[in-house]
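Working notes, beginning with the structure itself.
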Amino acid sequence: MSFEILDTRELNSENTWMKIKAPLIAERCKAGQFVIIRANEKGERIPLTIANWDKEEGSFEVVFQKVGASTLELGTYKKGDLLLDVVGPLGIPTHTEGAGNTVVIGGGLGIAIATPVARAYKEAGNKVHVIIGARTKELLFNIEILESFADGLTICTDDGSFGIKGFVTQPLQEMIDKGEKIDTVFCVGPPIMMKFISKITEKHGIHTVASLNTIMLDGTGMCGACRVTVGDEIKFVCVDGPDFDAHLVDWDEMMARTQAYREEEKIALEHYHKCRAEKALEEQNAQENK
Amino acid sequence: MGSEAKKSRGRKPLVRTRLPMATQRPEDRVKNFNEVPYGYNEAEAVLESQRCLQCRNAPCVKGCPVEVPIPQFIKLVQEGKFVEAAEVIKTKNSLPAITGRVCPQELQCEARCVMGRRYQPVSIGNLERFVADYAREHGEALPELPEPTGKKVAVVGAGPAGLTCAGDLALLGHEVTVFEALHAPGGVLIYGIPEFRLPKDIVRYETNYLKKLGVKIIPNFIIGKNKTVKELLNEFDAVFIGTGAGSPRLLKIPGINLVNVYSANEYLTRVNLLKGYLFPEYKTPVKKGKTVITIGAGNVAMDAARTAKRLGAENSIIVYRRSKKECPARVEEVHHAEEEGIDFRFLTNPIRIIGDENGRVKALECLRYKLGEPDETGRAKPIPIEGSEHIIECDVVIIAIGNNPNPIIPQTTPDLETSKWGTIITNSKTGETSLQRVYAGGDIATGAATVIAAMGAGKIAAKSIHKQLMGHEIDEEEHNLEVGKCDS
Ligand SMILES: Cc1cc2nc3c(=O)[nH]c(=O)nc-3n(C[C@H](O)[C@H](O)[C@H](O)COP(=O)(O)OP(=O)(O)OC[C@H]3O[C@@H](n4cnc5c(N)ncnc54)[C@H](O)[C@@H]3O)c2cc1C
Ligand SMILES: Cc1cc2nc3c(=O)[nH]c(=O)nc-3n(C[C@H](O)[C@H](O)[C@H](O)COP(=O)(O)OP(=O)(O)OC[C@H]3O[C@@H](n4cnc5c(N)ncnc54)[C@H](O)[C@@H]3O)c2cc1C
Ligand code: SF4
Ligand code: FES
């Protein structure tokens, strides 16, 4: 069984959008859930959040950041190509009922994940303000989509090339300082960003949900690779999450665990570039021989 | 000595010792993932088979959880009829190439072998393995399939329980669909047990064989997520649940979430299912580690420790709180592990995992134990020795202390009765659960057990399902499934 890629698009130099045919996943999925993709026989199982879906077409979309060998390779797949394995929807959907005044924050690639979640909060009858941030203007996306339904949208860049200059925590802090009523904060992005958001909201007693992107393997609760400490319990992000009470997450432990394969990731990346270069050379030789 | 043994002594000389299988040398095999034993050749198999006394009461069969007709198949080996021998085994055991390799024979059939009372038991497992391999390599004919009954059965989980149930039902003419959460079928056989103990080609051969019987296997499909059991009941006439005991138990000690602390499931899945030993050609990484400590002494622990050695660990240490005698692993695995230089620290138990400034494992603190009075399991109870704290430096720790039942199905199937351990409650003689038309068996019903017990449960459920589908009364099946039960 394989899964057809219906379309792909480069959102910017780092992020790729991909639409995949999978009627069973499209039929069931809800905001906040994810899939695991294994592109080919030698591939890693890559967890990616479902960024959008179309029940009628029987398709869903992902947006991924090309950060290492596996995501770079996935980025070479094009319209019409087949993915060997796709499993999902995994994880528990984001709980949006009765959230009240909600601030949804997406940092970097987290913008892709924040978008369907923000929409779900809105559809559940909550007032939704969205804050997104990226290193620089070029890396922002989904602005029009977010504008189309959010009650408010604030955009930040680290270098000030668009919107507010600074991190996403800044407008959040300002909203709190201004005394705006916030019942729920949902955040997704780099763990360090989520940790700081959590520190701010904790002081003000604002219920905060963080969507965690730990390392995963099976996604069915079988391996424990994804485990985190939440309060004084060990939770498996793939089956108990990915959303958790941000104030209870042991962020330092979680950050250390996502760095587990730093050395191996470097080796994988070198190997990937070597293989690509060899392949390019072969193709070139074949062309010349013709 | 048994009277049978005495009688036959007059006929031909008894060969007291069993014929060992040739194996790769330990110093070679720790550098590769190829299978350790080579298996018997034809002459060796015949020679070993001649040690069998053909006991009329066949105590060995009573030791076999699925009652393989042992003397009958061994007789055919004596006559050189290897394919026929495999056929005889397959009347009771559809995966002999697998069980021949992984069953704890020393607790089951071989434990009861009459030869073993005085001498060494017949190598029943090695013979089973030989004939199954022989039949596979020499082309087995597909059995005739009966007219389709038009009945549809869903099997959840493609481990030994689910695959056996699926195969038996297909042979009875039913239309079977197996749903598997992972990308490949086989359950523990494919993700847990390493290549050097059970080559994956054999598992793939067996699953392809089922496909030839008409069984549909759908990977990447999680019941409870993609569809619920209740929805399956709308589409299928019956459902069998064989989802195993895949949820890793972790130790409740400080440092359990440090980087490079693995559950055995994660470690073995990275290496076996995702071929992490071929990294970076295969993209899934696994920490190699200079000193790897595995906690536990069952089959799972042996597999993890021996895998670590093959990945290049200089020291692969097993820490176990009881003594060697109590190791729950198959005797052959402990023996192979010792040969490969695995460093066993018996009567030792961890109390704390120590990390460095980056949150990575640096050492394991342990206590020494001594053996006290027997506990409720009849085994000597280990008692900590005061002041025996000591530190073993290491960079990877693997927890192999067992698995709990997989929770997805119970969580998503209201009205399905479960025990306080999370296992699905079944009638072990029929496989029936608290829900009409829903059956279960294998580790999800018993807790972590053995491959053969899971297969036996799949078989029993297949019989009950068949009766239900054909409108017959479901009757209870007497069985030996408790025999040789060991905690892996
Ligand atoms: C539930 C879940 C949902 C996710 N959704 C998305 C998504 O929608 N889009 C997307 O691009 N990514 C998502 N991720 C992260 C994605 O799975 C990883 O980025 C990817 O597996 C990296 O693989 P790689 O081999 O390309 O990079 P690697 O070589 O493995 O890693 C390269 C760099 O990325 C960092 N990294 C690795 N894994 C993660 C991770 N899980 N989270 C954060 N940083 C990581 C590493 O520390 C390293 O710096 C999600 C992860 C989870 C668990
Ligand atoms: C490392 C290791 C070594 C072992 N060594 C031995 C040995 O030497 N000898 C021996 O006899 N026993 C051994 N065992 C034990 C033996 O493997 C198990 O008892 C046996 O595999 C149980 O079979 P099962 O079919 O019940 O479950 P499993 O083999 O666990 O298979 C269950 C399958 O169901 C799938 N699944 C789970 N949930 C769902 C869902 N919701 N939807 C769809 N699919 C699902 C899983 O992915 C899995 O593939 C070992 C176990 C391990 C872990
Ligand atoms: S295997 Fe052992 S117990 Fe079984 S028939 Fe032969 S000699 Fe007797
Ligand atoms: S990814 Fe394996 S348990 Fe969560």
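As the structure is a prediction and not an experimental result, all values here were calculated from the model. Naming: A, B, ... by sequence-line order, numbering from 1 per chain.
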Greater than 12 external heavy atoms within 6.0 Å of [X]'s [atom1]:
| X | atom1 | answer |
| --- | --- | --- |
| A/Glu278 | CD | yes |
| B/Lys152 | NZ | yes |
| A/Lys199 | NZ | no |
| A/Lys66 | NZ | yes |
| A/Lys78 | NZ | yes |

Quick one, [X] and [Y] - any side-chain contact, counting heavy atoms below 4.5 Å?
| X | Y | answer |
| --- | --- | --- |
| A/Arg38 | B/Leu274 | yes |
| B/Lys227 | A/Arg28 | yes |
| A/Asp250 | B/Asn257 | no |
| B/Arg270 | A/Leu217 | yes |
| B/Lys275 | A/Lys42 | no |
| B/Phe221 | A/Val87 | no |

Criterion side chain to side chain contact (heavy atoms under 4.5 Å, CB included) on A/Leu90 and B/Ile222, from CA distance to verdict: CA-CA 9 Å; A/Leu90 301 169; B/Ile222 306 176; 3.3 Å; yes

B/Asp201: salt bridge (charged side-chain N to carboxylate O under 4.0 Å, His left out) partners, not counting sequence neighbours: B/Arg204

Any residue meeting salt bridge (charged side-chain N to carboxylate O under 4.0 Å, His left out) with B/Lys283, in chain and number order, not counting sequence neighbours: A/Glu73

For B/Pro248, side chain to side chain contact (heavy atoms under 4.5 Å, CB included) partners two or more places apart: A/Phe236, B/Ser263, B/Asn265, B/Asn403

Which atoms form the tightest heavy-atom contact between [X] and [Y], and what is the distance?
| X | Y | value |
| --- | --- | --- |
| B/Tyr282 | A/Glu41 | CE2-O, 3.6 Å |
| B/Phe279 | A/Glu264 | CZ-O, 3.2 Å |
| A/Glu44 | B/Pro285 | OE2-CD, 3.7 Å |

Salt bridge A/Glu263-B/Lys287, side-chain N to carboxylate O under 4.0 Å: yes

Best-contacting candidate, A/Ala256, A/Cys275, A/Ala260, against chain B by heavy atom pairs under 4.5 angstrom: A/Ala260

Contact residues of residues 222-235 of chain A (partner chain B; heavy-atom separation under 4.5 angstrom): A/Met222, A/Cys223, A/Gly224, A/Ala225, A/Arg227, A/Val228, A/Thr229, A/Ile234

Leading residue by heavy atom contact count with chain A [cutoff under 4.5 Å; candidates B/Asn226, B/Asn406, B/Leu258, B/Asn404]: B/Asn226

Chain A interface, residue from B/Glu231, B/Lys288, B/Gln411 that has the most non-hydrogen pairs under 4.5 Å: B/Glu231

Which atoms of B/Val286 approach chain A - backbone, side chain, both or neither, heavy atom under 4.5 Å: backbone

I need the [X] [atom1] to [Y] [atom2] distance, nearest 0.5 Å.
| X | Y | atom1 | atom2 | result |
| --- | --- | --- | --- | --- |
| B/Glu266 | A/Met216 | CD | CE | 12.0 Å |
| A/Ile36 | B/Leu182 | CD1 | CG | 9.5 Å |
| A/Leu24 | B/Ile218 | CG | CD1 | 8.5 Å |
| B/His183 | A/Ile37 | NE2 | CD1 | 14.0 Å |

A/Arg257 portion near chain B, given a 4.5 angstrom heavy-atom threshold: both

